[in-house]
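Working notes, structure below.
Only a predicted model underlies this, so the values are computations on that prediction, with no experimental measurement involved.
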Amino acid sequence: MFKRISALLIILLLCFTGVFAAETTPVIYGSTTFVFDSVQTIQSASRISSATALSDEIEVDLTAVEEYIANQLAQFNLTVDISGFGVSTDDVKTITSNVINDNPNLFYIGASYRYSYNPATNTIHTMYFNMVDDLETVIARKAAFDEEVNNILSYISPGMSDFEKLLTVHDYFALNYEYDNSVSSSSETPEAFRADGVLVDKTGVCQSYSLAFKYLMNLLDIDCSYATSDAMNHIWNVVNLDGQWYHVDATWDDPLPDRFAFAAHTYFLLSDTAIYNPDGGHRDWSCKYSCTSTLYDNACWRTSQSAVAIGEDALYYTDGFDICKYDTVKKTSSSVYTIPDKWYVWEDKTHNYSASFGRIVLYDGRIYFNTPTEIKSIAADGKDLQTFYTYLGEEGYIYGLMKNGNYLNYGIATDPSAEATVSSLPIINMIDAEKGETGYAVRLISKDSVSGNLIVSVFDKSGILLRSQVYPAASSVPVTIDTSDGSYTRFMWWNLSALTPCSDDLTIENN
């Protein structure tokens, strides 16, 4: 899998009266082509200490300077007066690189800059930055950027551990973003190399994944940095969890080509030893942190290709056809349920794939998962198996399932590598309707907001779900659902816009 980072270009800027120009530094962000080679990497410009001595009497807090500049740029102030900090011209490359590298939300700041300084004291007076686009465009993209960030943060629950926060963000990236394999250079498609690439356009190269991941970690107060490899032409993240550093490569855990609901965990929380692979894998990287802890190298969820669901004192993951539970208190794993169904070759039903394409979602204490033709749910203890939805179409099998707010998205395709047609099922707003004397109850599960279709479910008198199906929206809908005992139930709605079936409009018949 080829993952791009931008090539090195150093731009020299012109001087103006009383002002000396600065060379741009190799940084991982840039609207032009900046970045890493074996000599000049992001690490070469990284902070060595938080303070530097300007003279025997004066010490400058570089961290405070960088925070001030970042805050000014976040307000679109491109001319930043830092004369009060006493910053030496010797430190200009360091502070500028740190500002850009540590604040990927400043994606709209251009890679070049200028500064004016006092020759008598050799201290910087003012720094001058530029934007990669006009202000109107930048404001629009920044609004979209912030909206997506807030959406991701909505998946972070109060009381989550740092591990759970890392896992949630990692899986969100794999599920919702797509690697852009069409990009040839950062000069042609600069946004693909910036944090707004994946966060706004939902696509980008490894540099975009890494920058965006870094920014989310900033907001979650999790220390995060970068590892870069010229040999691989690749960049990924390292994170600090419970005092130890680990590799996290969200780009390589996202498939190429993209596959619906696929989230690998091959490169999530690995040690240096575990991630190293000289034969085309991670190798020859530069990173200012050593990842020596092997705590997660052989984690039980390592081979899961479904998003890992976070429950109370438990993680739920897939291991082949098994849906498994990891007890985070007892540190033990067990199988909750084994999917018995096979995914057959669409044009040749005599052969099946050896892999499972069942994905899981945890909702309201139940595990939802897909088989080739159904979406089922089961209690977290492995009991009370129910059928939530049956796909009756002839367009393929169900390849994957994922949660989207209060909806379940499922993908239909004829091949696991083909682009899936995605549909939605609401899993809230269940409204009880009339119960017939035969014991069958009807429940309308809202209207699909995407297609306008109706989703209808049939329950027996004890509340067990018998069948759930989707029907096209219309002014009236005759519905026939076969139940497990061979009988059928017919329903009719005349006023679908109300979304609440009236007893006069609802007929229940059983044969």
Side-chain angles (χ1 to χ4, degrees), residues 1-10 23-30 32-50 62 66 91-104 111 166 170 179 185-186 192-195 197 204-215 217-218 222-241 243-253 266-294 296-297:
M1 187 182 299
F2 185 66
K3 308 291 183 181
R4 293 187 180 86
I5 59 177
S6 48
L8 178 65
L9 176 64
I10 297 180
E23 287 186 355
T24 54
T25 54
V27 295
I28 63 169
Y29 158 80
T32 53
T33 50
F34 275 78
V35 310
F36 326 94
D37 57 29
S38 59
V39 178
Q40 293 175 301
T41 67
I42 176 179
Q43 286 75 32
S44 67
S46 62
R47 187 184 303 108
I48 298 175
S49 65
S50 61
L62 295 186
E66 293 159 10
D91 294 316
V92 66
K93 289 185 178 181
T94 298
I95 63 173
T96 307
S97 295
N98 288 338
V99 166
I100 298 303
N101 294 335
D102 293 341
N103 299 277
L166 276 164
H170 169 275
Y179 184 81
S185 73
S186 61
F193 291 81
R194 307 185 315 230
V205 298
C206 58
Q207 188 166 308
S208 182
Y209 278 75
S210 300
L211 285 164
F213 193 88
K214 160 69 173 170
Y215 182 61
M217 294 302 103
N218 288 353
I222 296 175
D223 286 340
C224 181
S225 188
Y226 310 96
T228 63
S229 170
D230 294 327
M232 299 170 64
N233 196 27
H234 188 39
I235 179 174
W236 62 97
N237 296 104
V238 291
V239 297
N240 190 302
L241 180 60
Q244 298 290 333
W245 287 91
Y246 301 90
H247 294 271
V248 174
D249 192 340
T251 311
W252 276 31
D253 276 340
T266 309
Y267 304 102
F268 179 65
L269 298 180
L270 287 180
S271 67
D272 287 338
T273 302
I275 201 171
Y276 176 68
N277 180 2
D279 300 321
H282 292 75
R283 63 197 186 278
D284 301 329
W285 65 80
S286 177
C287 180
K288 61 181 177 179
Y289 299 107
S290 296
C291 301
T292 57
S293 173
T294 59
Y296 298 102
D297 284 356

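Screening Y296, Y276, W236, W252 for a ring pair (Phe, Tyr, Trp, His ring centres under 6.0 Å) with Y267, the sole residue that qualifies is W252. With respect to V248, the side chain to side chain contact (heavy atoms under 4.5 Å, CB included) criterion is satisfied by exactly one of L270, V239, V238: V239.
A donor-acceptor pair is defined here as one N or O able to donate and one able to accept, closer than 3.5 Å; no such pair exists between the side chain of D249 and the backbone of F268. Y209 places no side-chain N or O within donor-acceptor distance of the main-chain N or O of I235, the cut-off being under 3.5 Å. In this structure, D223 contributes its side chain and N240 its backbone to no donor-acceptor pair below 3.5 Å. With hydrogens and angles disregarded, a donor-acceptor distance shorter than 3.5 Å links the side chain of S208 to the backbone of R194. A donor-acceptor pair under 3.5 Å is formed between the side chain of D297 and the backbone N or O of S271.
Pairing each heavy atom of M232 with each of H282, the nearest pair is SD-CA, 3.3 Å. Residues D253 and H170 share a closest heavy-atom pair of OD2-NE2, 2.7 Å. N218 approaches P104 most closely through the heavy-atom pair ND2-CD, 4.1 Å. Contact detail for L166 and M217: the closest heavy-atom pair is CD2-SD, 3.3 Å. Considering every non-hydrogen atom in both Q244 and S293, the closest pair reads OE1-CB, 3.7 Å.
Between atom OG1 of residue T228 and atom CG of residue N233 there is a gap of 10.5 Å, rounded to the nearest 0.5 Å.
At least one side-chain heavy atom of L241 sits less than 4.5 Å from a side-chain heavy atom of L269. The side-chain heavy atoms of W245 and S290, taken from C-beta on, include no pair separated by under 4.5 Å. Using a 4.5 Å heavy-atom threshold, the side chains of N101 and K214 count as separate. The shortest distance between side-chain heavy atoms of F193 and V205 falls below 4.5 Å.
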request  = Take F213 and C224, measure what side-chain contact (heavy atoms from CB on, under 4.5 Å) needs, and give me the verdict at the end.
outcome  = CA-CA 9 Å; F213 193 88; C224 181; 4.2 Å; yes

query = Is there a side-chain contact (heavy atoms from CB on, under 4.5 Å) between H234 and T251 once you walk through the steps?
reply = CA-CA 10 Å; H234 188 39; T251 311; 4.2 Å; yes

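Using modelled atom types, one finds no donor on one side chain facing an acceptor on the other under 3.5 Å when comparing H247 with N237.
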